[in-house]
Protein chains: 2
Amino acid sequence: MRYTIKDIAKITGYSVATISRALSGKDGVSEEKRKEILRIIDQLGYIPNQSARRLRSKETKNILVMIPDIENYFFNKLIKGIEKEAREKGYNIILGDFSDSQEIEEEYYRMMKGQIADGILIVGSLSEPQRIVEISRQFPMVVISDYFSDELVTVCVDNFKAAYDATMFLYKCGYRRIAKITGKIGAMLSQDRLKGYKMALENLGLNCDEKYIKYGDFKYESGYKLAKELLSAKSYPDAIFCSNDEMAIGACDAAKELGFSIPDELGVMGFDDIELSSMVTPKITTVHQPRYEMGRLAAQLLINILTGKEVSKGKYILDASIVPRDSTRNANITK
Amino acid sequence: MRYTIKDIAKITGYSVATISRALSGKDGVSEEKRKEILRIIDQLGYIPNQSARRLRSKETKNILVMIPDIENYFFNKLIKGIEKEAREKGYNIILGDFSDSQEIEEEYYRMMKGQIADGILIVGSLSEPQRIVEISRQFPMVVISDYFSDELVTVCVDNFKAAYDATMFLYKCGYRRIAKITGKIGAMLSQDRLKGYKMALENLGLNCDEKYIKYGDFKYESGYKLAKELLSAKSYPDAIFCSNDEMAIGACDAAKELGFSIPDELGVMGFDDIELSSMVTPKITTVHQPRYEMGRLAAQLLINILTGKEVSKGKYILDASIVPRDSTRNANITK
DNA sequence: TTGAAAGCGCTAACAC
DNA sequence: GTGTTAGCGCTTTCAA
């Protein structure tokens, strides 16, 4: 038997309104009555029906979290941060994994019209920026990603700066012929990471040879393949800066196959600091993104929007940091 | 502006009831009217309010998926399978990641009383079997795990048989002093995998030395540490069968550090076939669990229960298979 | 085949 | 401070 608020009213002898007030924490009930009512409710194990609440109050207390592919190691920690923040604030997460299918992604946005959630947290998307902005005009939204519109609330790291710093780091390790394998170049963050790399080279007075820039797609295979290309050329690089860890791992495997010793003959730098990067051999030197914190902050911002708090649009930038591991020489020893 | 069914009624000129019927697919409307109505609805982009539907029909069309820790690589593919099946059948997934906290796990079960979902899919749990059975009496439930009660609907592989086969495989590869690192021994599946191992040794006429059995906890560190113990003993094994891949990777790292060459001097076998196992060096020979299929099947069973179809309790067993990779010798060459 | 209307369980406006 | 009641948007029973 599941109780309704009417049952509780009957049992306690108060009206449904009083029960509702006691439950909501709003005032309109004397403190002692509230205590008494809550005690009985607790005893009975009564939990208000969410659908009724939602119907009445126009709130679902759900957040739709859009994820391109939950199998992608990058997203785990983000979700974790989102989950924690959401749960603590009384929200549940509806998992919007769309398996890298734009069609499924749209399906979820359509569902939003049926009020399955109060807001959307976009952890990743295949849609054009324009489309995202469009949806953000229909539903409360926070985006974790690079920044592509003043109209959005965005959580991200400064990809340009992080890439700049990473390139500088490789230089400090003694590498001079630094190549780059980019991510999908359509993504703003790929461009930012590329720009940061270029700017660093420029400031270092190293000339930026276009042959040293290869265009990948964030996948292991592209890192592997493009590293082979780079290392098979007659003027091969002595370091490769990959725009994510998976490609960096691919690059390492390619280098190993070609007989390059890492980190002496070749330095490899990744980006993201997924867990995997410290589980492979060699452990990958990389740029750490505070994904858990990014998730929490994004959820916090969204919930603030949902609860009517003032949230200014624009970028919310968290710090990235370099994690030296075994795929680069020690920056201190070599200068 | 968001439409309600009343708006649609007004616009089309039909009654609310007719709209509802057209939408639900049940009969009571003439085919042409239905078509007309659906066309208009589609044009307008009307989607019925889920909360109202739920309140009325006592269905949430949500499935609560309980996951100990989404960062654990084992669960990704399972969720994927669940998501696919659920979405296709019109269900959404509420993510019940409880971060290995039994308290949070219970919090989610409590939420169920507020009808946040129609049923529970337990991908993993920290609760006693008894508690799971208790909850399964309150809510529709399917469990992905080893089997611990006739009262539950359970999806799993035959861990005993898989471990038996894996041990046999090691033998066929020419290994004779086969050690075992178990998972958390409280878990039924750890016991089954241990039993399968023992049975294989017995049938092979190899004596099962208790010194060759180490009790781990599924973590990389325990694989690493226990492998070191095994390999430092005076009569060290020539193969280690770990009860999951993470421990197998730990064992490989330990072996490498001690100067053992894999797979010649030492064979290592894992279990699960997480993606990681083919990304490390050496690639781990392991027992493949069809996780995607397990997820789909489990979701299917749960939805069948929810839609009133007959689902018999008990085990639903999928096949595991051995994936030979680089951490064992070739079974064909050595005999 | 179609429409009117009750009512799911709750919140909040209103009355006392 | 407390109770009465309308009504959120839908499904479904009942009547036509």
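So you know, we letter chains A, B, ... as the sequences are listed, proteins then strands, and number each from 1.
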*Asks:* Quick one: does A/Asp7's side chain have a donor or acceptor within less than 3.5 Å of a partner on A/Thr4's backbone?
*Replies:* yes
*Asks:* Within the sub-3.5 Å range, which N or O atoms of nucleotides 13-16 of chain D have a protein N or O partner, and how far apart are they?
*Replies:*
| from | atom 1 | to | atom 2 | distance (Å) |
| --- | --- | --- | --- | --- |
| D/dT13 | O4 | B/Arg21 | NH2 | 3.1 |

*Asks:* What nucleotide, of C/dC10, D/dG9, D/dG3, holds the atom closest to the side chain of A/Asn49?
*Replies:* C/dC10
*Asks:* May I ask you to verify if any side-chain N or O of B/Thr4 is less than 4.0 angstrom from the OP1 or OP2 atom of D/dG9?
*Replies:* no
*Asks:* How would you list, by chain and number, every residue that makes a side chain to side chain contact (heavy atoms under 4.5 Å, CB included) with A/Arg21, sequence neighbours excluded?
*Replies:* A/Ala17, A/Thr18, A/Val29
*Asks:* Under 3.5 Å, which donor-acceptor pairs link side chains of residues 292-303 of chain A to any protein atom two or more places apart or in another chain?
*Replies:*
| from | atom 1 | to | atom 2 | distance (Å) |
| --- | --- | --- | --- | --- |
| A/Arg296 | NE | A/Glu85 | OE1 | 2.9 |
| A/Arg296 | NH2 | A/Glu85 | OE1 | 2.6 |
| A/Arg296 | NH2 | A/Glu88 | OE1 | 3.3 |

*Asks:* Taking only the side-chain nitrogens and oxygens of B/Lys58, find out if one of them lies under 4.0 Å from OP1 or OP2 of D/dT11.
*Replies:* no
*Asks:* Between B/Arg56 and C/dG7, does any side-chain N or O lie under 4.0 Å from OP1 or OP2?
*Replies:* no
*Asks:* With a 3.5 Å cut-off and no angle check, do the side chains of A/Ser99 and A/Asp69 form a donor-acceptor pair?
*Replies:* no
*Asks:* Take atom CD of B/Gln50 and atom P of C/dC10, then tell me their distance rounded to the nearest Å.
*Replies:* 19 Å
*Asks:* Here's a test of your reading of the structure: between A/Ser57 and A/Gly13, which maps to the more 5' nucleotide of DNA chain D?
*Replies:* A/Gly13
*Asks:* B/Lys6 side chain: which of D/dT11, D/dC8, D/dT4 is closest?
*Replies:* D/dC8
*Asks:* Below the 4.0 Å mark, does C/dT1 have OP1 or OP2 next to a side-chain nitrogen or oxygen of B/Ser30?
*Replies:* no
*Asks:* So, the side chain of A/Glu105 versus the backbone of A/Leu126: is there a donor-acceptor pair under 3.5 Å, distance only?
*Replies:* yes
*Asks:* Atom OH of A/Tyr3 to atom P of C/dC10: distance rounded to whole Å?
*Replies:* 13 Å
*Asks:* Within this structure, what is the CZ-to-P distance between A/Arg53 and C/dG9, rounded to whole angstrom?
*Replies:* 15 Å
*Asks:* Report the distance from atom CG of B/Leu55 to atom P of D/dT11, rounded to the nearest whole Å.
*Replies:* 11 Å
*Asks:* Are OP1 or OP2 of D/dC10 and a side-chain N or O of B/Tyr46 less than 4.0 angstrom apart?
*Replies:* yes
*Asks:* If you only use heavy atoms from C-beta on, which nucleotide in C/dG9, D/dG3, D/dC10 is closest to the side chain of A/Tyr14?
*Replies:* D/dG3
*Asks:* Expressed in angstrom and rounded to an integer, what is the separation of B/Ile5 atom CD1 from D/dC8 atom P?
*Replies:* 14 Å
*Asks:* Tell me, please, which residues at least two apart from B/Glu134 pass salt bridge (charged side-chain N to carboxylate O under 4.0 Å, His left out).
*Replies:* B/Arg131
*Asks:* Tell me: NZ of A/Lys10 to P of D/dT4, nearest whole Å?
*Replies:* 13 Å
*Asks:* Mind checking if B/Ser20 touches a base, just sugar-phosphate, or nothing, with heavy atoms under 4.0 Å?
*Replies:* base
*Asks:* Measure from CZ on B/Arg54 to P on D/dC10 and round the result to the nearest Å.
*Replies:* 13 Å
*Asks:* Among residues at least two apart in sequence or on other chains, which ones pass ring pair (Phe, Tyr, Trp, His ring centres under 6.0 Å) with A/Phe74?
*Replies:* none
*Asks:* Counting only pairs under 3.5 Å, give me each side-chain donor-acceptor contact of residues 45-52 of chain B, with atom names and distances, residues two or more places apart or in other chains.
*Replies:*
| from | atom 1 | to | atom 2 | distance (Å) |
| --- | --- | --- | --- | --- |
| B/Asn49 | OD1 | B/Ser51 | N | 2.7 |
| B/Asn49 | OD1 | B/Ala52 | N | 2.9 |
| B/Gln50 | NE2 | B/Pro48 | O | 3.2 |

*Asks:* Starting from P on D/dG1, measure out to CD on A/Glu31 and report it in whole angstrom.
*Replies:* 9 Å
